[in-house]
Amino acid sequence: MAIIAKHWKPVNLDGPILANIASEGLIGIEECFDYDLNDVITAKRKKNVKSQTKNKKLKTSEEVLTPSKQGFTSNNEESRNIEDEDINTLTAWDGYSLPTSILRALRDLNFEQPTEIQSITLPAAILGKRDILGAAETGSGKTLAFGLPILTGILRLKENEISEEVISDEDNNDCDNDLDVDKNGLGCVKVVKLEDQRAKKPLYALILTPTRELAMQVKNHIKNIAKYTNINVAVVVGGMAAVKQERVLSKGPEIVVGTPGRLWELIQQGNEHLSQISNIKFLAIDETDRMLEKGHFKELHDLLEKINFDEHSKKNRQNFIFSATLTLVHDIPRHLINKIKMKGRKISEMTPEQKLQKIVNTIGVTNPKIVDLSQGTGTSGTLTECRITCPIEEKDYYVYYFLKKHSGRTLIFCNSIGCVKRLTTLLTLLDCSPLPLHASMPQRQRLKNLDKFKDMENSILIATDVAARGLDIPKIEHVLHYQTPRTSESYVHRSGRTARASNKGITVLIMEPNEFGSYIKLCKTLGKNEDIPIFPVEDRFLNAVKERVNLARQVDKLQLQVKKVSSEEGWLQKAANEMDIIVDGMSKNYDSDETNSNKKLADLKRKQLTILLAKPIFPKGFSGRFPELSLENVTGFNGVSAERKAVDVMQEAINKSSKTKRRVKLYKPKDKTEKKKRDVVIKLGKKNNKISKNRTFKKKRHS
Ligand SMILES: Nc1ncnc2c1ncn2[C@@H]1O[C@H](COP(=O)(O)OP(=O)(O)OP(=O)(O)O)[C@@H](O)[C@H]1O
């Protein structure tokens, strides 16, 4: 006779019995104490109930991915008809086995088709389950090139788990529902397994990024795509409350995105969810070349050691290695060449293949497919590159000129925090409202400034290289390099904050004569043998620009002096108070004469500056970044046309110079291998993981 049991209660067991069952991995026995014989069901009906439950479970969690004869395909077609007609328009995504829930999210974002890097990597990653080493230009959609396969893979795994659960549930339920009982209800016992009690949510994927801001962005991007799935994504970064992050992790997110430092810290503190990292099924390392640079991210190596600890899991794991500059290689610096030569050693430059091989070995990649669309430079085809050369003390003039002349969201990069601070103060005095971003700012402020930069129109962000990699901020029109970047990678990634996702953008290198050496090196590494063209500046406006900038500099200098004296006096006063002594010439309440006169002078100059700033720099109908400052800012006023976009101005200059063929050759390529080095096409041998040069994915630049 079969019954449906309603309630279960633990049975108290004596020592010896408990000892016996515990040794078999069981933790107790429960007794059915409430059942209704009227609920007796026939074996046939019971079977129907079971299969209905099974179907229901599969439907609610995610559509099933069924292996077809051609390989894996989702039941997209079927679910599309039923669920969402709009998805039918996304035919460009067919053939990648993307689940309907993901297609729906892609539709919401208006991502009508995969980008090039996505279309080349997705089949290998989703259908072939291969590891991917992907190099493609900045802003080309690399995040989803690993995000989509990870989400799809997790959904598959979850489906498999559910199917297994259902099958094992059926076995268990046989016990639940087919209980032979006597009239007193005795005999209704079920065994509770240890794993049931301890079941924890699996950590399927780890995504590592070099900066906190990028980690947040990647998390949000993947979360957006996962919004119709039951997959949770969490972010773990430094500078934010560890307690809060532990709380998030305690919910068992399937995907964790983070920076190596905080992740390693939490692992060392014994975080339970992260303790599963040696069993993860997916590992993605964004901006991999940066992450593996010497002297950076020691914790990444610790993490990799732990992740690769178990050989079996390592083999089963799918790896995603991405960067715009994954295959970029440098000339060896002259001082190193001399040093090595002096030691009588042979020198050879690292080739892209060797660079990749090193990455493959370090990360523990086992089944790689390499896709290199970076064309040796990594910059976008829609990016217009140019430069301004001037003496170092004039850089401020050109920055201010550019900002006033060409409105649009602008990101200015500096090589040091000190430079970011100085330029921020100067441009603040000039009423440009710049936002700083650097590593020694509190994390909360960093995020706040980034949000403001995203939200405000014509906003200006002045940043160090913390903002160089990966950040995807919409509508950045200009990137200015206040100093020549220290590495070619920095130039590529900084410049790549504009001209993203096929949009136009301009990058301006502001360089002084002393930076010429770094500039040539940069051009060589990026395979540019022609001079980067000069941005056309209208000299007639420079006097007005200089006047304002010089005045702002004077105010800044005076303010600094006042600040310095008051902090020195403050310190002295504090020490004197502590020692209970009186210092000659120092009064508690009054500033020194020098400070007072500096304060007055600063106030005076500031007033003069305010008056100057109220006057337009670009008169006669010019409508610039701050049109309210111009009295004649109506388009077409006085027959003068409105402001032109910097990128259009530059393109016109490039077109003119190409007609007159006045582009200057920068250097002679050393020999043919110089070019070949960049044209090399790389494929990693499947069997032995050795790099070979036998396949290309390169395409021609489209501009
Ligand atoms: N298939 C697609 N269709 C349209 N837009 C897309 C598609 N895939 C990604 N994008 C958008 O393109 C932009 C750039 O994507 P992403 O940030 O992934 O670029 P990236 O290649 O990682 O850049 P970087 O090298 O600078 O890190 C993002 O705004 C993203 O939302």
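Model, not experiment: these values are computed from the prediction. Read the numbers this way: they start at 1 and go in the same order the structure lists the ligands and their atoms.
Closest to atom 18 (O) of ligand 1, if we only count protein heavy atoms, is Thr143 OG1, 2.7 Å. In terms of protein heavy atoms, atom 30 (C) of ligand 1 is closest to His221 NE2, 3.8 Å. Shortest contact from atom 12 (O) of ligand 1 to any protein heavy atom: Ala501 CB, 3.6 Å. In terms of protein heavy-atom proximity, atom 8 (N) of ligand 1 is closest to Gln118 NE2, 2.9 Å. With respect to atom 23 (O) of ligand 1, the closest heavy atom belonging to the protein is Gly139 N, 2.8 Å. Atom 11 (C) of ligand 1 has Phe111 CZ, 3.9 Å as its closest protein atom, hydrogens excluded (heavy atom only).
Ion pairing between Glu515 and Lys395 holds under the 4.0 Å rule for side-chain N and carboxylate O. Here Asp472 pairs with Arg500 in a salt bridge; the nearest charged N to carboxylate O distance falls below 4.0 Å. Ion pair Glu213/Arg446 flagged as a salt bridge, since at least one NZ, NE, NH1 or NH2 atom sits closer than 4.0 Å to an Asp/Glu carboxylate oxygen.
Polar contact check, Gly141 against ligand 1: a nitrogen or oxygen pair lies under 3.5 Å apart.
Of the heavy atoms in Asp472, only side-chain atoms (C-beta onward) come closer than 4.0 Å to ligand 1. Looking at His493 against ligand 1, nothing comes within 4.0 Å, counting heavy atoms.
Relative ring orientation between Phe146 and Phe322 is described as tilted, the plane-to-plane angle lying within the 30° to 60° band. The aromatic rings of Phe535 and Phe402 sit tilted, their planes meeting at an angle between 30° and 60°.
In the displayed structure, Lys314 atom NZ is contacted under 6.0 Å by more than 12 heavy atoms of other residues, nucleotides or ligands. The 12-atom threshold is exceeded at CD of Gln445, counting heavy atoms of other residues, nucleotides or ligands nearer than 6.0 Å. Within a 6.0 Å radius of NZ in Lys227, more than 12 heavy atoms belonging to other residues, nucleotides or ligands are found.
Contact annotation: Gln113 has at least one heavy atom less than 4.0 Å from an atom of ligand 1. Using a 4.0 Å cutoff on heavy atoms, Ser140 counts as a contact of ligand 1. No heavy atom of Phe146 sits closer than 4.0 Å to any atom of ligand 1. In this structure, Glu137 has a heavy atom closer than 4.0 Å to ligand 1.
Listed by atom number, the atoms of ligand 1 under 4.0 Å from Glu287 heavy atoms are 27 (O). Under a 4.0 Å criterion applied to the non-hydrogen atoms of Arg497, ligand 1 contributes the atoms 26 (O). Distances below 4.0 Å separate heavy atoms of Thr115 from the following atoms of ligand 1: 1 (N), 2 (C), 7 (C), 8 (N). Shown in contact with Trp93 at under 4.0 Å from a heavy atom are these atoms of ligand 1, numbered in order with element: 1 (N).
Of the N and O atoms on the side chains of Thr507 and His481, at least one donor lies less than 3.5 Å from an acceptor on the other residue. Side-chain contact check for His301 and Thr362: no donor-acceptor pair (N or O, by modelled atom type) lies under 3.5 Å.
The heavy atom nearest to atom 21 (O) of ligand 1, out of those in Lys142, Arg500, Arg469, is found in Lys142.
When Leu133, Asp131, Asn308, Leu292 are each tested for a side chain to side chain contact (heavy atoms under 4.5 Å, CB included) with Ile363, only one passes: Leu292.
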